[in-house]
Every structure is written in C-alpha cells, then in structure tokens.
Amino acid sequence: MTRLSGWGRTPVAECRVKTARNARDVAEALSEGPMIARGNGRSYGDPALSRGLTLSMAGLDRMLSFDAETGTLVAEAGVLLADIIATFLPRGWFPAVTPGTKFVTLGGAIAADVHGKNHHRDGSFRSCVEWVEVVEDGGAPRRIDRHADPERFDTICGAMGLTGVILRAAIRLRPVESAWIMQETIAAESIDAAIDIFEDNLDAPYLVAWIDCIGHPPRLGRSILMMGRHARAAELPPRRRRAPFDTPRRLPLRVPFNLPGFVLNAANLRLFNALHYEMGRRKAGVSLIDWDRYFYPLDSIADWNRIYGRAGFHQFQCALPLDTARAALSQMLDDISEAGTGSFLSVLKRFGKGEGRYSFPFEGYTLALDFPAGAHSDALIERLDRITLDHGGRFYLAKDARLSAETFHAADPRFAALRDLRRANGWADRFTSLQSERLGL
Amino acid sequence: MSKSVLILGATSGMARAIARSFAAEGHTIRLAARDAARLEPDRDDLVTRYGVTVTLHEFDALDLESHEAFVKGLPELPDIAVCAVGAMGTQEENAASPTIGASVMRANFEGPAAIFAHLANAMEARGSGTLVGISSVAGERGRASNYVYGAAKAGFTAFLSGLRNRLAKKGVHVVTVLPGFVATAMTEGLDLPERLTAQPEEVGAAIVKAVRQEKNVIYVRPVWRIVMAIIRAIPEPVFKKTSL
C-alpha cells in the first residue's frame, strides 16, 4: 500500500498501486477489479485515488510517431507535456492547449479536458486531440476518432478516467517561430475594470489575470492582466534571433519541506500580493518572456504545494456564465474579504464556447483560488459554492476534493447522464475513484 | 561523434531510461531482448524523440549457444555495450526451490558474463570499446533477504572487475554499475526509502557520464557508497544476527 494524494495534498489515502508499462498491464489490471488510472498526480483532489487499484501510467511514456507536415504527435498516455515541449519546441512546435503546469500527462490532460489561457480562442485540450485509444474492458484497446465516433469521443474527454483507461492519443501541436512570448501587461484597479479589459481583448491569443484576493477594497479585486502571443522570430532581439528556441536556464528551486503555517499568514500574503501587484503595475507594457516563465511560473519551484504545510490546501475553481459573472465575482470577493482567509494565488480567465458533454469550460469566466485546508477555509469555500450555484456556475473536477454530491449535481446536471452511461456500459464497476464515489458518479 | 550503443535486456524500465540517455547524445541504439517485437514502441520513442537510428535484435541471455551468432549478426560490433539483463524473483521462491534459484543465478550472472565474454574478446581484438555491466549493491554482501540474487550479482561484479583488469591495457574499458534502489517494475510494491531510491532517468544519466569519464565502479546515488561501506564493515558475528 502506498500513501497517495493529489497535488493539494489532501485527502491522503492508502492505495494499492501498480505501474502499467504496456497495454497488457492495463488489461490485466482491469481484470483484477475496480481501478482508476493515475497520471502524474497533478489533479488537486481525489480523482486519481482509488479504493480499488490505482494504476500509475508512468511506465507508458513513449512517443510513437510525429508527422512534421501536420504537427500530429502520437504518444502513450503517460508522456508529460514537459517531455513533449522538450522534444518539439526546438523543432518549432508547442502544445496547442496547455494548463498552468507542464507536469501533467497526456492522458490526464484528456481525462480532465484541461484548458489554458487560450480557451476563449482555441477551446479546451480536446480541441487538439485527433483520436484516443482506450481500454474499456478486458478486450483489445479501442481507437476512438473524434470525427468517426464523436459520441464515444465525447464520453472520454472530461470524464476523469471513469469511462475507460486512455492508453494512447494523437494530438496536434501548434507551429511556433520561437520559444518566446510577446507579453502585454495591464493593471486593472478593480475586478470590473479587469473584465472590461478582457472583453476588449478577446483577440489576444492568450489572456489571463491575476487577482489580488487579500484584504479589503480597494486592494481586493485589483488585477494584473497578462496578454500574450507567440513571438515571431523576426521580433526577437538580434542576439536571440540566431537561436529562437533557446531560452535562459532557470535555477531549479525546491520547497524542501512542509512549511509551518505562519509562513503563509495574512501579513505575508498581503505583502506578497502587494509586491506582485506593484511589480505588475510597473512592468505594464510589452515585454518578451520565455515560454516557461509565461505558461508555467510555478513549475520552477519544485513541490510548491508544500508551502501550505502538512494539512495541504484546497483549490476552488468555478466557471460562471457571461451574464452573471460580474455579480458572482464581486460577491465572491466580498465573502473572501469578510472571511479574511486570503487566497494566495487567484487567477481569472475568460472561457470561450464550451464543447463536449463532460468538459468543464463554457462561455464566461473562470476563477481559481486556493486556500489552506481547514475548517475556516471550508466555511468560506462552501459560501463560494453557494454563490456559484446561485449564478448558474459549474465546478472543475480536476481541482475538486471536497464538493458534496448534492452540490455538484445541482450545478452540473450533465453528470447524471454520465452515471447512467457508466452503469449501462459496466464502466461503473470497472472504473472508480474516491471522487467518483464521493460524487456518486 | 555518434557511436553505436547495444542495450542487452532492453525491456526493463531501467534499460529504457539508459537507451534514452544515450540516444539524447545522438548515438545509434541497438535494443536487444527476448521477443524483440515488444520493443517496437521503445524504438519508435527513441526515433521520435531523438531522431537517431534504432534497431531491434532478438537476444536470449540464457541461450548461451546463441551468443556468438548474436554478436556476429549485429550491424557492427558496438562501441558501447550495456548489459541490463537480470531477474530478481522472490527470495522465498529462490531459497525454497534450488531450480528457481539456479535460474536467477543464470539470468544475473551466467548469461550476462557469457555475452560479455564474447563482446570483450571482439572488442579486445578491435582495440576499443566500453562494456557497462549493471550489477547490484546486493552483491556486496549476502543478506538473508536476497542472497540468491545477491550471490549472482556478486559473481557478475567480480567478473566485471576481472574483465576490467584484463582489458585495461587493451583499449577496452569496463564500467560496473551498482544502482542501489531504483524505482522500476522490479521494486514495485517494496517500501523503499526515498533518499536511497533513484529514478531510472538518474541511472541513465549516471551511466552516460561514467562512460564519458571512464569511471570504473559507480553507485548512482553517492550515498550508497557510504551505506555499503558500513554494511561491508559490520563484523560477521554481528551481521549474521541483523535483518537487513
């Protein structure tokens, strides 16, 4: 038995773990009883923990082919986006959609149907997936093509591994001319102003805002918006133009142990957020920034999840419809302010049209917050759940560790259909996670 | 300069990582194992990631008669040969059944030594080459918990050391690798201490470096040098009563 958790480090479960190294291992694991596939453990809560078998896909980490004409990569599910970038960025290709960490597996990205800073233009991860190969029972893996079998394709993306084990996939990469991002930073005095800026800049390829979620107005809600696009080689300074895919090495940092609670106390959080805002405000304007710092600022700090100490932390992420987002966000900020439990990192993004039967994003705004685990945060997060529900919002399973089945289904009636589908196909007996049990999926 | 690297026992997780480390340096890779068709995804992976030439070769470490033909059948005598052949079994089975125990000894010692004997002779005749043998810290001192495996690895370690001595003036270098704990299929489910457990990628990187620097004996994580020095130093009357 192995003690496992998600990236939020809570809950922790004793799991029976095996590592799959080929398709046969997956079929064998399935024959042993209920299981769930686990990628690199970067979902925050309990979707990759199981009371049955937790099957690590780490051994299925081979890239199988690349078509340089179309940018199509075929790879096994355990390949990390970090490996894909290391291999293909020097050849001029980048993932078409990427979440805020590059340490996710291909299979995990599809199962959670992750999104990035370009959802408003490019959609979620599923939009770059051509086909997936899935093990759904003891039989041979089945290839599911997005065009040939859109129904079944839809039951994979966003279904959190509860409808089959993703073995391989073909994804399309995006051609880029350099490893650099042309970033434009704008400071916004309030969340309302931030939303105005979002709506005025929907043509920006990448768009994200960091929000100050500490303290009280006028600090609370002020934001730094970061727009970005892949820089063309010709836009680089001459010394970079010769090697447009070379970027400076970053010093590897590591949080060596669980930090004691006082490190992230209210005063330090305020200081951090004030500095962050001030730096963002001063840097406002256009600058070149390398891909790693732009897309994955936290990846440079290994084990950053330890900053919350032993108890771990909760991520709260909701999606809110366009027409209610302003009201919901301002109410959320009020509640956060009142609770005095600031969120260390708070991120706002604009979603474009939603796709897929079980995918999280739909047109509107998405807010991600994190809070140290504990009773004080729980009360606040439950209020945020309520505001989300009242405004027609929905929750992100990749972040969730604590929603009640009732709240989840009230917000997202689509998943009742998934539950029925799982029962009808026998998947409910084969694929179970602590999350699927908690949420009655 | 691109060299050719032969990986024997290429299906293991450790071998996969070793092959990647050499391929990342631009070397041509020859993957050899029983049922070599299983290695097709590994070949595709190396080609896709590193754009190097990779070929697959049928090789059975236990079929000693086939070794000579195997070496002759390779596209060329490799510049570097890595032997990652091995099998641990469980100590209970190895101890209970002398036949199973003997097969573990053959897989970890007899087979690897036999193929290296062929390669060593050919490399000696050519006057160049590097042999890398993956042995084990388990061979440093026999312990109740896995002495059958350990005895075989002890034999292989001694064989490598003798081979290194013999070939030292013939332009052929021999590297002995004692990886310590490595997170692979072989150790899955064992409760290994994190600080002592290397990831397969670390083994790959350590071997590439050892070959470049012509190291003789490497432990992948330096802490193992200390651990094993202590374990070797414990007097036998004390050691026999421990459970390590």
Side-chain angles (χ1 to χ4, degrees), chain A residues 1-4 14-26 28-29 40 53-68 71-80 82-91 93 106 133 141 167-168 170-171 173 254 256-257 302-303, chain B residues 7 9-21 23-26 29 31 33-54 56 84 87-88 181-195 197-205:
Chain A
M1 301 297 266
T2 310
R3 284 172 66 78
L4 277 186
E14 289 279 339
C15 296
R16 193 162 61 86
V17 181
K18 277 192 176 179
T19 303
R21 289 183 167 76
N22 51 53
R24 208 179 43 203
D25 293 346
V26 177
E28 257 177 44
N40 200 33
L53 177 69
T54 303
L55 185 67
S56 165
M57 302 299 279
L60 281 159
D61 65 343
R62 294 168 294 196
M63 300 187 197
L64 301 172
S65 68
F66 182 67
D67 180 344
T72 306
L73 169 70
V74 177
E76 292 180 323
V79 167
L80 296 179
D83 289 340
I84 294 176
I85 295 167
T87 305
F88 293 103
L89 183 56
R91 303 185 211 170
W93 300 91
L106 179 56
E133 248 174 51
L167 198 63
R168 298 185 192 95
I171 60 166
L173 303 179
R254 173 173 291 272
F257 47 80
D303 300 328
Chain B
I7 315 268
T11 42
S12 74
M14 201 192 294
R16 186 187 290 178
I18 295 167
R20 280 183 184 162
S21 295
E25 306 271 298
I29 307 291
L31 299 177
R34 249 179 327 186
D35 197 1
R38 279 186 299 166
L39 293 168
E40 280 167 10
D42 293 272
R43 177 194 60 199
D44 296 345
D45 181 58
L46 296 170
V47 171
T48 306
R49 285 183 194 240
Y50 307 110
V52 294
T53 304
V54 184
L56 305 184
M88 196 185 278
F181 300 142
V182 182
T184 63
M186 208 188 243
T187 56
E188 183 136 60
L190 302 180
D191 191 15
L192 301 179
E194 199 181 326
R195 278 169 207 284
T197 308
Q199 294 304 311
E201 295 72 37
E202 290 178 64
V203 182

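All values below were derived from every heavy atom in this structure, side-chain atoms included, with hydrogens, water molecules and symmetry-related copies excluded. Convention: sequence-line order gives letters A, B, ...; per-chain numbering from 1. The structure presented is a predicted model; accordingly, all values stated were derived computationally and were not measured.
Residue contact with chain B, scored on non-hydrogen atoms closer than 4.5 Å, involves the side chain of Arg91(A) exclusively. Contact annotation for Arg43(B): neither backbone nor side-chain heavy atoms come within less than 4.5 Å of a heavy atom of chain A. Heavy-atom distances place no part of Ile84(A) under 4.5 Å from chain B, backbone and side chain included. When heavy atoms are compared at a cutoff of 4.5 Å, Thr2(A) does not approach chain B at all.
For the atom pair CZ (Arg20(B)) and CD (Glu25(B)), the distance works out to 15.0 Å, reported to the nearest 0.5 Å.
Comparing Lys18(A), Arg16(A), Met63(A) by heavy-atom pairs within less than 4.5 Å of chain B, the highest count is held by Met63(A). Counting heavy-atom pairs under 4.5 Å between each of Leu46(B), Val47(B), Asp44(B) and chain A puts Asp44(B) at the top.
Taking the six-membered ring where the residue is Trp, Phe88(A) and Phe66(A) present tilted rings, their angle falling between 30° and 60°.
Annotation: side chain to side chain contact (heavy atoms under 4.5 Å, CB included) contacts of Asp25(A) (sequence neighbours excluded): Ala20(A), Arg21(A), Asn22(A).
No side-chain donor-acceptor contact under 3.5 Å links Arg168(A) to the backbone of Leu60(A). Remark: the backbone N or O of Ala58(A) is paired with a side-chain donor or acceptor of Ser56(A) at under 3.5 angstrom.
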